[in-house]
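Step one of this worksheet: look at the structure below.
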Number of protein chains: 2
Amino acid sequence: MATPNADHIFAALADATRRDIVLRALAGREGVAELAGHYPMSFAAVQKHVAVLERAGLITKERSGRRKVVLTNIEGLNLARSLLDQYETLWRGRVERMTHLIASSEETDR
Amino acid sequence: MATPNADHIFAALADATRRDIVLRALAGREGVAELAGHYPMSFAAVQKHVAVLERAGLITKERSGRRKVVLTNIEGLNLARSLLDQYETLWRGRVERMTHLIASSEETDR
DNA sequence: ACGTGATACAACCGTATGGTTGTATCAATG
DNA sequence: CATTGATACAACCATACGGTTGTATCACGT
């Protein structure tokens, strides 16, 4: 699965085509060729996008006859989510701290 | 605030230095120079990172005397989070559908 | 075993990105 | 108003990225 770190994950998500592939691969029904059919670019270009997503750990490929079905790996997405959640949590902490500051200054003000 | 779309947001988050800036800017206490002090690169380089984050709508700058304090914009982060949440929701839907399929096939199997 | 469908990979091209140094703007202070 | 501190911006360089075409691999059907 290569080295799926935050850098790779966010970089992989920073492209509309790749985000759409992730979306379609949630269903886990299409091979690379079918996916390529949806986009106005060459088969090789789509294959490269798939490779980027694979390197980031956001998808896997599973052989099915002569095709390779592309599947979204929810674990990878969850890693990104948890990072953003962390920011959110810290943000809330900040807001609370600010609220406390305001509250205490209001106390001393009166 | 330029054009903060998903491409820009994820691209901005795909760099460890920039993610760290976002983290520090949650506190909203440091100017560009203070931020630059934390990283092993030139002031100008950090300034560019800040510009990328600003273009993505992830931070704003607020003048405070001769400094400009860097502040994280939680709205931008939430946009990214909501997108990932959407994937998560679709994933759950997929799993439920699979469960139904299994259930119905079990019915027809017996 | 051969031909074909599906995927992979390499070489190449233009542009974007991340870093550098140097110069310019802008705001507070003496 | 001249100086200094803090930020901004331009020019430049090396490397990465997104796309192309062409060739190679690999698995199935006949």
Side-chain angles (χ1 to χ4, degrees), chain A residues 1-22 24-25 27-72, chain B residues 1-22 24-25 27-72:
Chain A
M1 201 194 279
T3 47
N5 55 30
D7 279 35
H8 287 154
I9 292 177
F10 284 121
L13 290 172
D15 180 284
T17 302
R18 286 197 290 262
R19 287 194 302 276
D20 195 69
I21 291 175
V22 167
R24 291 181 184 275
R29 301 220 151 276
E30 303 186 291
V32 185
E34 285 96 331
L35 285 174
H38 300 302
Y39 313 106
M41 65 188 71
S42 71
F43 174 83
V46 173
Q47 193 170 260
K48 272 197 187 180
H49 283 305
V50 170
V52 169
L53 289 167
E54 194 172 19
R55 199 169 76 99
L58 290 175
I59 62 149
T60 57
K61 282 178 285 188
E62 181 179 297
R63 176 130 253 150
S64 165
R66 58 178 63 179
R67 299 185 316 145
K68 281 196 178 173
V69 173
V70 178
L71 306 144
T72 297
Chain B
M1 200 194 276
T3 47
N5 54 32
D7 280 35
H8 288 154
I9 292 177
F10 285 121
L13 290 172
D15 181 284
T17 302
R18 285 197 292 261
R19 285 195 302 276
D20 194 69
I21 291 176
V22 167
R24 291 180 185 276
R29 301 220 150 276
E30 303 187 289
V32 184
E34 285 97 331
L35 286 173
H38 301 300
Y39 313 106
M41 65 187 73
S42 71
F43 174 84
V46 173
Q47 194 171 258
K48 274 196 185 182
H49 282 306
V50 170
V52 168
L53 289 167
E54 194 172 19
R55 201 169 74 101
L58 289 176
I59 61 148
T60 56
K61 282 178 286 188
E62 181 180 296
R63 176 128 253 152
S64 164
R66 58 177 64 177
R67 299 184 317 144
K68 281 197 179 175
V69 174
V70 178
L71 305 145
T72 297

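Naming: A, B, ... by sequence-line order, numbering from 1 per chain. Source: prediction; values computed, not measured.
Shortest non-hydrogen contact noted between B:Ala36 and B:Phe43 is CB-CD1, 4.0 Å.
Contacts of A:Glu30 classified as side chain to side chain donor-acceptor pair (under 3.5 Å), with partners at least two apart in sequence or in another chain: A:His38. With sequence neighbours left out, the side chain to side chain contact (heavy atoms under 4.5 Å, CB included) criterion links B:Val69 to B:Ser64, B:Arg67, B:Leu71.
By the 4.5 Å heavy-atom criterion applied to side chains, A:Tyr39 and A:His49 are not counted as neighbours.
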Close N/O contacts between protein and nucleotides 20-26 of chain C (under 3.5 Å):
{"unit_1": "C:dT20", "atom_1": "OP1", "unit_2": "B:Ser42", "atom_2": "N", "d": "3.4"}
{"unit_1": "C:dT20", "atom_1": "OP2", "unit_2": "B:Ser42", "atom_2": "N", "d": "2.8"}
{"unit_1": "C:dT20", "atom_1": "OP2", "unit_2": "B:Ser42", "atom_2": "OG", "d": "2.6"}

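Atoms CD1 (A:Ile21) and C1' (D:dG18) sit 13 Å apart, rounded to a whole Å. Atom-to-atom, CZ of A:Arg55 to C1' of C:dA8 comes out at 16 Å; the value is rounded to the nearest Å. Spacing between atom CD of B:Gln47 and atom P of C:dG19 amounts to 14 Å, rounded to whole angstrom units.
Heavy-atom distances under 4.0 Å link DNA chain C to B:Arg18 of residues 10-20 of chain B, given in residue order. If you check residues 64-72 of chain A against DNA chain C, the residues with a heavy atom closer than 4.0 Å are A:Arg66, A:Arg67, A:Lys68, listed by number.
Using a 4.0 Å cut-off between a side-chain N of Lys or Arg and a carboxylate O of Asp or Glu, A:Lys68 and A:Glu62 do not qualify as a salt bridge.
Residues in residues 35-47 of chain A take part in no salt bridge (charged side-chain N to carboxylate O under 4.0 Å, His left out) pair, two or more places apart or across chains.
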